[in-house]
Amino acid sequence: MSVDPTLLDDLEWRGLIANSTDLDALRESLTSGSVRFYVGFDPTAPSLHMGHLVQVLTAKRLQDAGHTPYALVGGATGMIGDPKDSGERTLNNLDTVKDWVERVRRQIEPFLSFDGPNAATMVNNYDWTASLSTIDFLRDIGKHFPVNRMLARDVVRTRLEAGISYTEFSYVLLQSLDFLNLYRDHGVTLQFGGSDQWGNLTAGVELIRRADGGHAHAIATPLMTKADGTKYGKTEGGALWLDPEMMSPYAFYQFWLNVEDAKVGELLRVFTFLGRAEIEELEAQHAEKPFLRAGQRALAEQVTTLVHGAEETARIRDASAALFGGGDLTGLSPATLGAALREAGSTTLDGDEPMPNVVDLLVAAGLTKSKGDARRTVSEGGAYLNNVRIEDPDLVPGPGDLIGGSWLVLRRGKKNFAGVEVR
RNA sequence: GGCAGGUUGCCCGAGCGGCCAAUGGGAACGGACUGUAAAUCCGUCGGUGUAUACCUACGAAGGUUCGAAUCCUUCACCUGCCA
């Protein structure tokens, strides 16, 4: 298998290397043959999110360059919990973890190729830890971890204030053991992960050195944050989920389309497979005419296609164009409008029933969480029926308001659309 | 095991018998300005068609009181110090 010698330069150009062990040695190893590498995903939720996507796509970049992926799902580490600054995690039960492991595995698989000379392999660390005895673990692994060094880690130091259980304190040993096992059994010599994983990554490298005298590498990808340094996904739905059940593809697309100007270039590099020339061209366009938002459009198009497929993306693009196209919705065909609203979110009403007032409709359509919220929104001037501001919360739409005889278009604020289909 | 402190709304954090649906900050939401951007400014931010009202809520369950987030008891969890 021949490898792409420019891989590391490309990763650097994309800003994907926030931290790494000996970069020169890694470069040599990555250019001299197919490197077996691994990246792990702990099942902390039923779905992967934006942060995981960076890792999934990076794995794909490495595979595309000729290297061999081992995608690890943390059936074992997910039972323990990686310590985080904000405090002790709640343990999930085995059934939940197993379910989430399966879901996560299915989300990762489409991104990697499981055929060919550098086919990917899925592994689950539960397989080699479940039967491990405590004595063996403490003797063979624990012996290589000086507690004074473990205490010096940032997370641990932070957590010593608030408290940390032995369970979470031990997490790093499990993840390091993963690396050691994959190194021994599969010749894996590179692990990467988010920069919040840096301590875990280097601990693995060190374990391989101490236990086997082996030499392995680690790369940390940067943590994605907004221009003001805060995390993404602090909005209503929380994280940016990849699972269409947890976040509609339409909402997913809209997220990328609405990304702040200052981050477009960075996100294009990290989350798309567009080449350097294309991205620099988009950045130039964007710098010149930011209001056209060519960068955001390309970003939304590319990422949504990667995650939800080209067909779905085309539907969403058309829906977005229809809804945001302009003021006059009555000019749209009912079919186009219906398709758009079904992407954006809609509810149906029985035409034989009396039409509810606009407050109830806002709640039914999911635009507001309660009637009080709906009234408030109306009084704030933030609710619209067919793109016309609603002044009266008691307003009951009449037959003349039904576009194409069946659709009401509700909007909250500037960009939250929902449809009501009457039939 | 002993002693001390803590557990408040999405998050952080005030409140320490009535004026508390609960100060403040952040997040979020709406408006203005724009480009479905950022920044800024203004407003909102438990529920019920509108009530000096009722319901839900201040870790859980009881109790004291005309009245409790605020006092007492028990329980759970967390933190620190001592053993």
Side-chain angles (χ1 to χ4, degrees), chain A residues 83-91 158-168 225-240 250-268 282-283 285-301 304 316-327 329 340 343-345 356-363 365-385 387 389-396 409-418:
Chain A
K84 55 178 182 178
D85 287 349
S86 50
E88 191 78 10
R89 292 175 190 268
T90 310
L91 290 176
T158 308
R159 285 288 299 280
L160 283 177
E161 298 289 321
I164 180 168
S165 65
Y166 185 75
T167 307
E168 288 193 4
T225 57
K226 294 197 279 192
D228 61 8
T230 59
K231 285 183 188 169
Y232 279 103
K234 280 297 189 183
T235 38
E236 40 171 306
L240 187 89
Y250 170 85
F252 184 86
Y253 178 92
Q254 286 287 325
F255 168 85
W256 297 101
L257 191 63
N258 279 297
V259 144
E260 50 195 335
D261 285 0
K263 284 287 167 171
V264 169
E266 182 184 329
L267 295 174
L268 280 167
L282 281 166
E283 288 180 308
Q285 275 181 40
H286 194 270
E288 198 178 330
K289 296 182 174 177
F291 53 89
L292 292 181
R293 304 163 85 252
Q296 280 96 335
R297 288 178 202 286
L299 183 64
E301 181 84 21
T304 310
I316 295 166
R317 193 202 320 108
D318 293 346
S320 299
L323 294 175
F324 289 95
L329 294 163
E343 294 292 342
N357 69 18
V358 90
V359 163
D360 289 326
L361 286 172
L362 284 166
V363 175
L367 286 178
T368 58
K369 62 182 180 355
S370 67
K371 292 187 190 184
D373 191 16
R375 287 202 185 84
R376 198 180 297 134
T377 304
V378 171
S379 71
E380 288 173 338
Y384 305 79
L385 172 63
N387 276 354
R389 179 172 285 173
I390 297 168
E391 307 287 352
D392 176 12
D394 294 322
L395 176 71
V396 175
V409 180
L410 293 170
R411 172 157 64 93
R412 177 182 188 178
K414 248 191 303 192
K415 46 196 174 192
N416 298 303
F417 286 94

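Chain naming here is simple, since letters A, B, ... match the order of the sequence lines and numbering starts at 1 in each.
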Tell me what [X] touches on the nucleic acid: a base, only sugar-phosphate, or nothing, going by heavy atoms under 4.0 Å.
{"X": "R293(A)", "value": "base"}
{"X": "S370(A)", "value": "sugar-phosphate"}
{"X": "S320(A)", "value": "base"}
{"X": "R412(A)", "value": "sugar-phosphate"}
{"X": "Y384(A)", "value": "sugar-phosphate"}

How far, in whole Å, is [M] from [N] if one measures between their [atom1] atoms?
{"N": "C11(B)", "M": "A61(B)", "atom1": "C1'", "result": "28 Å"}
{"N": "C20(B)", "M": "G46(B)", "atom1": "C1'", "result": "14 Å"}
{"N": "G30(B)", "M": "A39(B)", "atom1": "P", "result": "15 Å"}
{"N": "A21(B)", "M": "G26(B)", "atom1": "P", "result": "25 Å"}
{"N": "C45(B)", "M": "A38(B)", "atom1": "P", "result": "24 Å"}
{"N": "G9(B)", "M": "G25(B)", "atom1": "C1'", "result": "14 Å"}

- request: Hey, which sits more toward the 5' end of RNA chain B by its nearest nucleotide, G372(A) or A262(A)?
  value: A262(A)

message: Quick check: on RNA chain B, is the nucleotide nearest D392(A) upstream (toward 5') of the one nearest K414(A), or the reverse? Name the residue that is more 5'.
response: K414(A)

So, OP1 or OP2 of [N]: does either fall under 4.0 Å of a side-chain N or O from [X]?
{"X": "K289(A)", "N": "A37(B)", "result": "no"}
{"X": "R376(A)", "N": "G47(B)", "result": "yes"}
{"X": "K369(A)", "N": "G46(B)", "result": "no"}
{"X": "R389(A)", "N": "A32(B)", "result": "yes"}

field: Base paired to U50(B) (Watson-Crick or G-U; both N/O distances under 3.5 angstrom)
entry: none

Given [options], which nucleotide is nearest the side-chain atoms of [X]?
{"X": "N416(A)", "options": "G30(B), G35(B), A38(B)", "answer": "G30(B)"}
{"X": "F291(A)", "options": "A37(B), G35(B), U44(B)", "answer": "G35(B)"}
{"X": "H286(A)", "options": "G35(B), C45(B), G30(B)", "answer": "G35(B)"}

query: Going from CG on N357(A) to CG on L395(A), what distance comes out if it is rounded to the nearest 0.5 angstrom?
result: 8.0 Å

Nearest-0.5 Å distance, NE2 of residue H286(A) to CG of residue L268(A): 9.0 Å

Which whole-number value in Å describes the distance from [X] [atom1] to [N] [atom2]?
{"X": "Q296(A)", "N": "A38(B)", "atom1": "CD", "atom2": "C1'", "value": "11 Å"}
{"X": "D373(A)", "N": "U44(B)", "atom1": "CG", "atom2": "C1'", "value": "9 Å"}
{"X": "E168(A)", "N": "C78(B)", "atom1": "CD", "atom2": "P", "value": "12 Å"}
{"X": "K263(A)", "N": "G35(B)", "atom1": "NZ", "atom2": "P", "value": "24 Å"}
{"X": "E380(A)", "N": "C45(B)", "atom1": "CD", "atom2": "C1'", "value": "9 Å"}
{"X": "K371(A)", "N": "C29(B)", "atom1": "NZ", "atom2": "C1'", "value": "21 Å"}
{"X": "Q285(A)", "N": "G35(B)", "atom1": "CD", "atom2": "C1'", "value": "15 Å"}

- prompt: Below 4.0 angstrom, N of the basic side chain to O of the carboxylate: do K263(A) and E266(A) qualify?
  reply: yes

query: Using 4.0 Å as the upper bound for N to carboxylate O, is an ion pair formed by E301(A) and R317(A)?
result: yes

query: Considering only heavy atoms from C-beta outward, does the side chain of R376(A) approach that of T368(A) to under 4.5 Å?
result: no

message: Using only atom types and a distance under 3.5 Å, with no angle test, would you say the side chain of R375(A) pairs donor to acceptor with the backbone of T377(A)?
response: no

